[in-house]
Amino acid sequence: QNSGSCFHICSVSYGFLFTKEFEIKNTSEIPFDYNLILRQDTTFDAREFNLYPDTSLVNGNSEQKIRIEFIPISVQKYDIWLDVHSMKCDDDLASIHIVAECICPKISIVDSLINLETVFIGHQYQTFIKLQNDTDYPAKYEFVEATDQSILDADLTATRINGIIHSHKVSEVALKFKPLELGHINLNRYIKIFGSDEPPLPFTVSALSVGPDIIINSEKVNFGTINVLIETTQKFQIFNKSLIPAPFKCEIESKSGVFK
């Protein structure tokens, strides 16, 4: 005797674990063994279902709890049968109908255009991208690895390359951005939603990459009146207003050769 002849698992999100229990009751005085077998069906993969324990011995006037673990990997409706078999019987002791549906939630990017404006070459910046889930079910995401020529323009990496967007939540993922070339940069990247048959979600990170910002405190160095053949020194200051180092070299153009 089992505690339920039909299981309505209802809707389960793609790739997520769903667990349900039922009982096998032995109302007789003697023990019996059982073996749980999912009927072979091309509409599902046997790896999607796990049964614990799938085989055991139930003592007389006792019961055994069975746990069904279900992780769907196909967006579809499931309609399958679980047979309870015993070596002591030629026929199945019972058949349990399992009905379920796997869905893939629709996910959106809150702002798919990220403009970092002016950035310094070689300096690492942090920005964020937000994934919005307005459905009743969680979803899994993964950043698609870039292979185009833009990987030479800048490094862009996510601090979490994959994760979960919970139902009715916005998931914020940090992005690390470091420009490698000068000029305008536009990186087109994509986020895959597990189980979705739609193209990956696109987003763009743009910036203007520049070199160091240098200021000299004076445009003219005036030595005034000085004595001949006596070395005189004047100083000026160079300020680096950038977030990156600014290597420099001073050269003096002088036909007389008196400046150095």
Side-chain angles (χ1 to χ4, degrees), residues 3-4 6-23 38 41 43-52 65-80 82 96-117 124-146 154-177 186-207:
S3 58
C6 183
F7 276 174
H8 290 279
I9 296 179
C10 298
S11 297
V12 181
S13 195
Y14 182 97
F16 283 84
L17 172 65
F18 179 89
T19 302
K20 195 165 186 176
E21 291 185 345
F22 69 94
E23 291 181 347
L38 285 169
D41 191 329
T43 62
F44 74 96
D45 191 322
R47 295 174 299 174
E48 297 176 275
F49 292 88
N50 286 306
L51 307 168
Y52 301 102
K65 283 188 176 181
I66 308 296
R67 185 174 77 253
I68 298 180
E69 292 184 353
F70 173 47
I71 303 178
I73 57 174
S74 296
V75 179
Q76 64 169 343
K77 291 183 177 180
Y78 291 78
D79 191 339
I80 60 179
L82 173 65
I96 301 174
H97 194 192
I98 301 176
V99 179
E101 181 179 8
C102 173
I103 64 170
C104 178
K106 186 174 181 61
I107 305 300
S108 61
I109 297 177
V110 174
D111 187 357
S112 60
L113 300 177
I114 303 173
N115 187 358
L116 299 178
E117 299 181 347
Q124 183 170 275
Y125 296 82
Q126 179 171 281
T127 186
F128 295 90
I129 190 166
K130 295 179 180 180
L131 300 173
Q132 186 166 339
N133 183 359
D134 291 328
T135 73
D136 295 330
Y137 305 95
K140 294 182 178 181
Y141 71 86
E142 181 178 60
F143 283 83
V144 179
E145 183 178 2
D155 286 333
L156 182 67
T157 56
T159 56
R160 298 195 312 273
I161 61 173
N162 53 57
I164 295 174
I165 314 152
H166 295 284
S167 62
H168 299 287
K169 295 289 184 180
V170 174
S171 180
E172 187 175 72
V173 183
L175 302 175
K176 303 291 185 180
F177 174 86
N186 283 282
L187 305 181
N188 296 314
R189 297 293 184 263
Y190 301 90
I191 300 174
K192 173 186 176 182
I193 304 301
F194 283 76
S196 175
D197 57 0
E198 297 182 359
L201 301 174
F203 69 97
T204 300
V205 178
S206 64

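Thr159 places a side-chain N or O within donor-acceptor distance of the main-chain N or O of Ala174, the cut-off being under 3.5 Å. In this structure, the side chain of Glu69 does not engage the main chain of Leu17 through any donor-acceptor pair within 3.5 Å.
Here the CD-CZ distance, from Gln126 to Phe177, works out to 13.5 Å after rounding to the nearest 0.5 Å. Rounded to the nearest 0.5 Å, atoms CD (Gln132) and NZ (Lys106) are 12.0 Å apart. One distance of note links CZ of Arg67 with NZ of Lys20; it measures 15.0 Å at 0.5 Å rounding. With rounding to the nearest 0.5 Å, the separation of CG in Asp79 from NE2 in His97 is 3.5 Å. Distance check: Arg160 CZ to Tyr141 OH gives 4.0 Å after rounding to the nearest 0.5 Å. Rounding to the nearest 0.5 Å gives a distance of 12.0 Å between OG of Ser13 and CZ of Phe194.
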Next item on the list: Run the numbers on Cys102 and Val12 for side-chain contact (heavy atoms from CB on, under 4.5 Å), then give the verdict.
Entry: CA-CA 5 Å; Cys102 173; Val12 181; 5.5 Å; no
Notebook entry, point to check: Are Ile98 and Phe44 close enough, and set up right, to give a side-chain contact (heavy atoms from CB on, under 4.5 Å), and what steps lead you there?
Noted result: CA-CA 12 Å; Ile98 301 176; Phe44 74 96; over 6 Å; no
Note to self: If you apply the rule side-chain hydrogen bond (donor to acceptor under 3.5 Å, both in side chains), what do you find for Thr204 with Asn188, and how did you get there?
What the structure shows: CA-CA 5 Å; Thr204 300; Asn188 296 314; 2.8 Å; yes
Next item on the list: Kindly determine whether Asn133 and Ser171 satisfy side-chain contact (heavy atoms from CB on, under 4.5 Å), including the steps that lead there.
Entry: CA-CA 8 Å; Asn133 183 359; Ser171 180; over 6 Å; no
Next item on the list: Go through the steps to decide whether Ile68 and Leu51 satisfy the test side-chain contact (heavy atoms from CB on, under 4.5 Å), and finish with yes or no.
Entry: CA-CA 5 Å; Ile68 298 180; Leu51 307 168; 3.6 Å; yes
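Residues Asp197 and Val75 are not in side-chain contact: their nearest non-hydrogen atoms beyond the backbone lie 4.5 Å or more apart. Between Leu175 and Ile114, some side-chain heavy-atom pair lies under the 4.5 Å cut-off. At least one side-chain heavy atom of His168 sits under 4.5 Å from a side-chain heavy atom of Asp136. Between Tyr78 and Phe70 the shortest side-chain heavy-atom distance falls below 4.5 Å. Residues Pro105 and Ser167 are not in side-chain contact: their nearest non-hydrogen atoms beyond the backbone lie 4.5 Å or more apart. For the pair Ile191/Val173, no side-chain contact is recorded, criterion being any heavy-atom separation below 4.5 Å from C-beta on. Counting only heavy atoms from C-beta outward, the side chains of Asp45 and Ser74 never approach each other to under 4.5 Å. The side-chain heavy atoms of Phe203 and Phe143, taken from C-beta on, include a pair separated by under 4.5 Å.
Shown here are the side-chain hydrogen bond (donor to acceptor under 3.5 Å, both in side chains) partners of Asn162, two or more places apart in sequence or in another chain: there are none. With sequence neighbours excluded, the residues forming a side-chain contact (heavy atoms from CB on, under 4.5 Å) with Pro202 are Tyr190, listed by chain and number.
Heavy-atom contacts from other residues, nucleotides or ligands closer than 6.0 Å to CD of Glu145 number 12 or fewer.
In this structure, Lys140 is not positioned above the aromatic face of Tyr14 in the sense of NZ or CZ being under 6.0 Å from the six-membered ring centre and within 45° of the axis.
When every heavy atom of Ala207 is checked against every heavy atom of Leu116, the shortest pair comes out as CB-CB, 4.0 Å. Annotation for Leu156 and Arg189: closest pair CD2-CG, 3.7 Å, computed over non-hydrogen atoms.
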